[in-house]
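Reading through the structure tokens given below for one structure.
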Amino acid sequence: MAKPATTVTIIAERLLQAKIFKLLDETGASGYTVVEGSGKGHNLIRTHERPSIVRDFDIVRIEFVMSDGEHAREIAQQIADTYFKDYSGIITISPVEVLRPELF
Amino acid sequence: MAKPATTVTIIAERLLQAKIFKLLDETGASGYTVVEGSGKGHNLIRTHERPSIVRDFDIVRIEFVMSDGEHAREIAQQIADTYFKDYSGIITISPVEVLRPELF
Amino acid sequence: MAKPATTVTIIAERLLQAKIFKLLDETGASGYTVVEGSGKGHNLIRTHERPSIVRDFDIVRIEFVMSDGEHAREIAQQIADTYFKDYSGIITISPVEVLRPELF
Amino acid sequence: MDLLANFASSFVSQLQSPTLAFLIGGMVLAATGSKLAIPDAVYRFIIFVLLMSIGLHGGMEIREADPTELALPALFAALIGVIAVLLGAQTLGRLPGVSKDDAYATAGLFGAVSASTLAVAMVVLEEKEIPFEAWAPALYPFMDIPALILAIVLASLAKAKQSGEKAKRVAIGEIIKDSLRSSALSALLLGLAIGFIAEPREVHEGFYDLLFRGFLSVLMLVMGMEAWARLSELRRVAHWYAAYAVIAPITHGLIGFGLGYIAHVLVGFSPGGVIILAIIAASNSDISGPPTLRAGIPGANPSSFIGASTSVGTPIAIAVCVPLFVALAEVVFGL
Amino acid sequence: MDLLANFASSFVSQLQSPTLAFLIGGMVLAATGSKLAIPDAVYRFIIFVLLMSIGLHGGMEIREADPTELALPALFAALIGVIAVLLGAQTLGRLPGVSKDDAYATAGLFGAVSASTLAVAMVVLEEKEIPFEAWAPALYPFMDIPALILAIVLASLAKAKQSGEKAKRVAIGEIIKDSLRSSALSALLLGLAIGFIAEPREVHEGFYDLLFRGFLSVLMLVMGMEAWARLSELRRVAHWYAAYAVIAPITHGLIGFGLGYIAHVLVGFSPGGVIILAIIAASNSDISGPPTLRAGIPGANPSSFIGASTSVGTPIAIAVCVPLFVALAEVVFGL
Amino acid sequence: MDLLANFASSFVSQLQSPTLAFLIGGMVLAATGSKLAIPDAVYRFIIFVLLMSIGLHGGMEIREADPTELALPALFAALIGVIAVLLGAQTLGRLPGVSKDDAYATAGLFGAVSASTLAVAMVVLEEKEIPFEAWAPALYPFMDIPALILAIVLASLAKAKQSGEKAKRVAIGEIIKDSLRSSALSALLLGLAIGFIAEPREVHEGFYDLLFRGFLSVLMLVMGMEAWARLSELRRVAHWYAAYAVIAPITHGLIGFGLGYIAHVLVGFSPGGVIILAIIAASNSDISGPPTLRAGIPGANPSSFIGASTSVGTPIAIAVCVPLFVALAEVVFGL
Ligand SMILES: Nc1ncnc2c1ncn2[C@@H]1O[C@H](COP(=O)(O)O)[C@@H](O)[C@H]1O
Ligand SMILES: Nc1ncnc2c1ncn2[C@@H]1O[C@H](COP(=O)(O)O)[C@@H](O)[C@H]1O
Ligand SMILES: Nc1ncnc2c1ncn2[C@@H]1O[C@H](COP(=O)(O)O)[C@@H](O)[C@H]1O
Ligand code: NA
Ligand code: NA
Ligand code: NA
């Protein structure tokens with residue numbers, strides 16, 4: 001009963017979180033899951049362990065699953081184009097299978 | 001030395017966490033990893049940021065890796081059948097490779 | 001514009017985190033993302049919920065993405081050989097696609 | 001007239017009370033999109049300290065109390081919980097756009113008790129120097145648990161009737177345990193036990209009681225923020241929830257006040273105790289209730305029952321019912 | 001000579017002050033690789049309590065104050081914010097290896113205000129029993145917001161000029177909102193409002209003020225640890241940042257002191273108020289500034305502007321500027 | 001007879017002590033599956049405050065102390081750490097079902113010191129008004145570090161012998177650093193240093209000391225919960241661990257008391273100091289020990305050594321050894 005789908009994983013600064021959520025809602029992602037983390041890339045080292053009032057530079061890992069892989073890719077591309085010129089972040093796309101495909 | 005295996009990712013309410021762990025233990029998953037998160041789906045918006053005494057509605061992301069893909073799929077299906085009729089949650093299945101395959 | 005790449009996911013005790021970061025920096029991973037979690041394997045049960053001063057036994061989930069799959073596998077193997085003889089941990093390798101491939 | 005004037009003045013003074021100022025402050029913060037947030041860990045510790053403080057104090061005082069006095073008020077507390085749920089099921093449950101499951105869950109939540117509102121009541125009584133029985137806070141579980149059980153049992157019966165199957169036996173023992181194990185009741189009962197057995201006056205006064213008011217002010221801030229934030233969820237469900245969430249606390253409180261008055265006449269339950277009974281009746285559960293109801297009535301939509309209670313029920317209980325029942329008591333008992 | 005002797009003795013006494021001892025202690029911990037860490041949740045609660053305490057106190061005192069007195073110092077505060085940014089853009093911005101964007105962001109940060117440094121200043125004034133206007137902490141946003149806005153506007157103009165396009169309109173309203181919504185300013189303003197309206201003396205004295213010094217000591221520890229930890233980031237960028245971060249606080253503080261003195265002469269601004277104005281001028285933003293600037297000047301590298309301010313600017317403001325301006329006031333006003 | 005009667009009465013009074021009531025309360029909560037949890041961030045802040053408080057107080061008092069007095073007790077502390085590890089290796093290490101690595105790690109943990117138990121001892125001494133040397137808490141690292149080093153060295157030698165290879169040089173410097181950098185020792189030493197240098201009496205009394213008892217009560221709750229939760233892990237390993245975890249604290253404590261008595265006779269070490277020495281000897285490490293041992297003896301199974309210490313060793317140290325050594329001192333020194 002498992003059917004193929006696509007998971008898009010967006011790793012970004014929390015600064016962008018609300019905007020990415022909005023974009024996902026508008027473009028029709030049926031849901032998403034977020035976990036908080038830390039990381040290192042080309043810019044700032046972001047450690048979750050250091051106390052910080054300013055949480056906007058923390059890393060969030062947002063993933064959304066869609067049945068329609070083409071649509072998922074388009075959304076991913078749109079996020080990359082809109083935000084990741086100016087701000088930190090990476091996007092990966094992976095093939096998965098989902099149970100209960102009617103949800104996605 | 002990498003060998004193929006299957007990762008099952010379960011995103012569910014924390015309410016179910018203990019029950020899912022029990023089921024995983026009983027069905028013979030050799031281990032699992034959990035991270036806490038938040039998310040949006042068809043029901044409640046769950047934000048990790050808002051203070052809450054009641055953590056039962058938070059989102060947990062549970063993943064387990066198994067060498068035996070068939071077995072992993074069966075476990076995944078069983079979790080979906082047992083819990084995800086009544087409660088929120090999604091399950092994805094992905095192909096991976098593992099190092100130290102004797103562990104899984 | 002998506003190009004194939006490889007994601008390596010390392011699940012380990014926090015004890016090893018700093019050493020793994022160092023190894024990743026030295027071997028040329030362009031970045032990595034970490035989330036904190038808990039888990040169960042063959043050894044200790046690690047629960048994120050119990051208060052603990054000693055965070056060294058917590059589980060961290062480190063993932064890094066590289067365009068060069070061969071290189072990624074070598075790094076993964078090196079981490080497994082260096083640390084996972086003595087300490088807890090698992091490594092999975094998955095095929096993904098990335099946007100903005102110049103970053104990896 | 002006196003009652004009205006009294007209520008008006010009590011209400012106005014309550015409006016200037018720091019407690020309410022923090023509650024409203026929290027709403028304003030949320031409404032203006034402030035990033036200020038009380039960390040989750042701090043919030044949970046605050047709840048713990050407040051309930052331990054109430055528990056420890058009660059436990060130490062109970063040493064000198066006559067336990068049989070508790071009987072009638074406790075019975076009344078249970079009765080109020082039951083009536084509240086039945087009322088809710090019969091009113092909210094019959095309205096258009098409200099599913100049976102959602103109605104039972106919401107009624108259960110409003111029948112159950114809020115630890116935070118209880119804490120507010122105790123501060124107000126202390127400020128007004130109105131004495132009450134030391135064991136009065138211990139009435140909490142006597143109202144909370146029957147309400148939750150009844151809501152889940154009714155929902156389960158309704159489902160069975162609908163599907164034509166025999167009702168699944170509701171695990172009542174599990175509901176009681178779930179409720180007692182919730183962080184709120186655990187802390188209160190632990191405090192009662194330690195207070196009773198070890199009489200830790202020094203640590204109570206020098207720490208738990210010392211931090212009580214300050215922590216309560218922070219809690220009010222959080223509750224105000226939450227109330228506003230949940231409004232958006234409430235807006236997504238039928239308007240009846242909002243109406244119910246305004247009327248139910250006042251109704252339940254009046255029932256509580258009435259039964260409390262009877263206990264006053266019959267067994268000398270103090271006026272302060274009557275106020276506490278009325279206010280916990282007016283309150284709705286924010287800690288033990290939601291997860292217990294979610295587990296027991298999986299078909300209910302948390303958005304509706306949590307939204308109604310957090311966004312409307314709790315502010316009404318704190319901002320309207322607390323001054324209302326204090327004023328009522330002042331008139332009725334001539335305080 | 002007197003100034004120097006006075007400054008020397010004030011500086012030495014400040015060095016033995018617990019505040020500074022905790023700051024240095026934090027640096028030593030970080031330098032030796034200690035695993036001791038103040039949990040994030042506790043740190044954020046501490047900031048909340050400190051700013052609520054300052055706000056509540058101010059709000060209660062303002063009840064008796066003449067609001068028109070605030071006008072000139074507030075104007076001067078805004079002026080200092082503006083001058084600081086212009087100075088930074090003209091000095092740091094012309095140095096080799098410093099990008100325009102980075103220069104504007106850094107100048108904005110040093111023109112803006114640090115809540116923590118403000119808290120230190122208030123403890124020192126209290127210890128020295130130097131009185132100041134209750135509304136002095138309310139000068140904070142008057143300096144903070146213009147500095148942030150100007151930095152972002154200048155960066156945006158520079159970018160437009162460079163690219164030959166017309167400048168994107170800077171959403172000034174957004175910047176003001178962003179700044180007011182930051183956890184620091186929200187807490188301060190909330191405290192002012194609640195203090196003014198509800199006058200919660202009891203909860204202020206029994207909780208917020210009670211915890212003030214202790215929490216400040218913990219905050220200093222965190223700031224010391226952070227200062228050291230960020231040094232590594234600072235090292236990755238041009239050395240000019242470090243030089244700027246030493247000179248700017250002292251310069252801005254002196255400008256603040258000067259304008260404060262004028263306000264003293266013109267409208268009787270108190271010596272304590274002058275010190276506060278000088279110290280918030282010397283301080284640099286650690287809470288509202290970084291994310292606002294990050295959002296407004298996305299091309300700027302956070303490593304440079306945060307590194308310079310956290311690692312060098314803040315320790316200089318606390319360890320050098322606080323005793324400096326207290327000593328200066330003692331000489332100038334003959335305290 | 002006197003000792004027994006005294007011990008019995010001291011034990012009974014200790015059983016009613018709030019400290020123990022919270023410890024047992026925590027166990028009961030965990031046993032009944034309560035969801036009450038003290039947030040991790042709060043727990044870590046509590047440890048910080050307790051150790052800072054002990055440190056600050058010690059540091060301020062040491063100003064007037066004669067540092068040479070510390071020499072003999074410090075030497076004895078180190079000796080106790082060493083003896084404890086050797087004893088453990090020779091007893092636990094020879095039992096069936098216990099691996100060499102596990103035995104060394106467990107012996108190391110029981111030879112090392114618990115900051116929480118030390119805090120309990122200090123509260124009890126204060127309550128009983130038994131004076132002790134201000135520097136007595138500073139004996140902690142002198143016992144802790146040698147125990148951890150010896151355990152790791154022995155394990156490494158044993159492994160080398162087994163594998164026939166030359167022993168890997170143990171990085172003793174690393175172990176010492178690891179230990180000193182642990183959050184517990186860092187906080188204690190930082191407190192000592194700040195107390196000694198800056199003498200922050202006001203912030204100590206008004207904050208750290210103020211919160212001491214309350215925070216200790218919360219800590220006891222956490223330790224009780226942890227003790228119960230870890231029992232399941234202990235059950236998975238050989239029963240000998242449980243037996244060892246009962247006997248070792250008492251044995252080590254007696255050795256500590258004996259050596260303390262010698263120091264009393266030779267250099268006038270105070271009875272209170274002797275009690276502290278005995279109790280830290282009886283305690284087992286819960287903060288610095290586990291990760292240091294895990295890193296140093298990777299072959300050891302954390303379930304066994306952490307289980308034995310958290311579930312059995314710590315409750316024995318607090319509930320049995322504290323009253324035992326106080327009673328013993330009362331008899332021996334005629335307090
Ligand atoms: N190659 C990578 N693999 C995994 N995560 C990455 C990688 N590169 C960047 N990241 C994540 O993206 C964040 C921002 O990256 P950057 O913009 O390069 O600083 C980092 O903090 C990491 O969390
Ligand atoms: N399409 C999706 N992609 C990723 N996560 C999802 C998706 N749909 C639902 N979820 C997660 O599953 C949780 C419960 O979903 P729901 O039951 O639809 O409210 C959400 O809070 C999300 O964390
Ligand atoms: N099969 C598995 N699937 C997912 N995570 C695992 C698995 N086995 C082990 N882990 C993770 O690796 C950690 C250490 O495993 P172990 O060394 O087996 O105790 C566990 O706490 C889990 O977080
Ligand atoms: Na109720
Ligand atoms: Na400034
Ligand atoms: Na020991």
Side-chain angles (χ1 to χ4, degrees), chain D residues 12-50 53 119-120 123-124 126-129 205-222 224-225 228 319, chain E residues 38-53 55-56 59-60 63 115 173-174 176-212 214-215 287-292 295:
Chain D
V12 167
S13 91
Q14 176 77 357
L15 269 177
Q16 292 167 328
S17 89
T19 307
L20 209 62
F22 280 91
L23 186 74
I24 294 170
M27 291 181 186
V28 172
L29 284 183
T32 55
S34 163
K35 285 199 212 158
L36 180 65
I38 303 300
D40 192 59
V42 172
Y43 172 53
R44 290 189 290 148
F45 185 59
I46 284 176
I47 298 275
F48 164 77
V49 169
L50 294 180
S53 184
V120 174
V123 162
V124 170
E126 212 183 88
E127 267 171 10
K128 302 238 164 199
E129 292 177 18
E205 268 159 44
F207 182 75
Y208 292 96
D209 192 45
L210 181 77
L211 297 178
F212 195 88
R213 273 156 182 259
F215 274 7
L216 188 65
S217 74
V218 182
L219 178 63
M220 288 298 109
L221 204 62
V222 174
M225 293 194 249
W228 192 270
Chain E
I38 302 301
D40 192 59
V42 171
Y43 171 54
R44 289 189 291 149
F45 184 59
I46 285 176
I47 298 274
F48 164 77
V49 168
L50 294 180
L51 287 167
M52 275 301 284
S53 185
L56 289 173
M60 293 186 297
R63 294 173 81 108
E174 278 308 302
I176 297 181
K177 274 194 225 152
D178 249 35
S179 192
L180 293 175
R181 280 171 184 161
S182 76
S183 52
L185 267 179
S186 289
L188 183 66
L189 297 176
L190 178 73
L192 279 168
I194 293 183
F196 187 78
I197 296 168
E199 233 192 320
R201 255 176 229 288
E202 213 170 333
V203 80
H204 175 254
E205 267 159 42
F207 182 75
Y208 293 94
D209 191 45
L210 182 77
L211 297 178
F212 196 88
F215 273 7
I287 299 179
S288 64
T292 304

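Protein chains get the first letters and strands the later ones, always in sequence-line order, with residue 1 at the start of each.
Heavy atoms only, all atoms of each residue included: L211(D) and V49(D) are closest at CB-CG1, 4.4 Å. The two atoms that bring L190(E) and G25(D) nearest to each other are CD1-CA, 3.7 Å, heavy atoms only. Scanning both residues, A115(E) and A184(E), for their nearest heavy atoms gives CB-CB, 4.4 Å.
Heavy-atom distances place no part of A193(E) under 4.5 Å from chain D, backbone and side chain included. With a threshold of 4.5 angstrom between heavy atoms, L210(D) approaches chain E through its backbone and through its side chain. Proximity to chain E (any heavy atom under 4.5 Å) is shown, for F22(D), by both the backbone and the side chain. Both the backbone and the side chain of V218(D) come within contact range of chain E, judged by heavy atoms closer than 4.5 Å. Proximity to chain D is absent for every atom of E199(E), based on heavy atoms less than 4.5 angstrom apart.
Taking the six-membered ring where tryptophan is involved, the planes of F215(E) and F45(E) are perpendicular, since the angle between them exceeds 60° and thus also 30°.
Contact count against chain D (heavy-atom pairs under 4.5 Å) is highest for V203(E) among L180(E), V203(E), L189(E), L185(E).
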**Message:** Apply side-chain contact (heavy atoms from CB on, under 4.5 Å) to residues H204(E) and R201(E) and explain how you reach the verdict.
**Reply:** CA-CA 5 Å; H204(E) 175 254; R201(E) 255 176 229 288; 5.7 Å; no

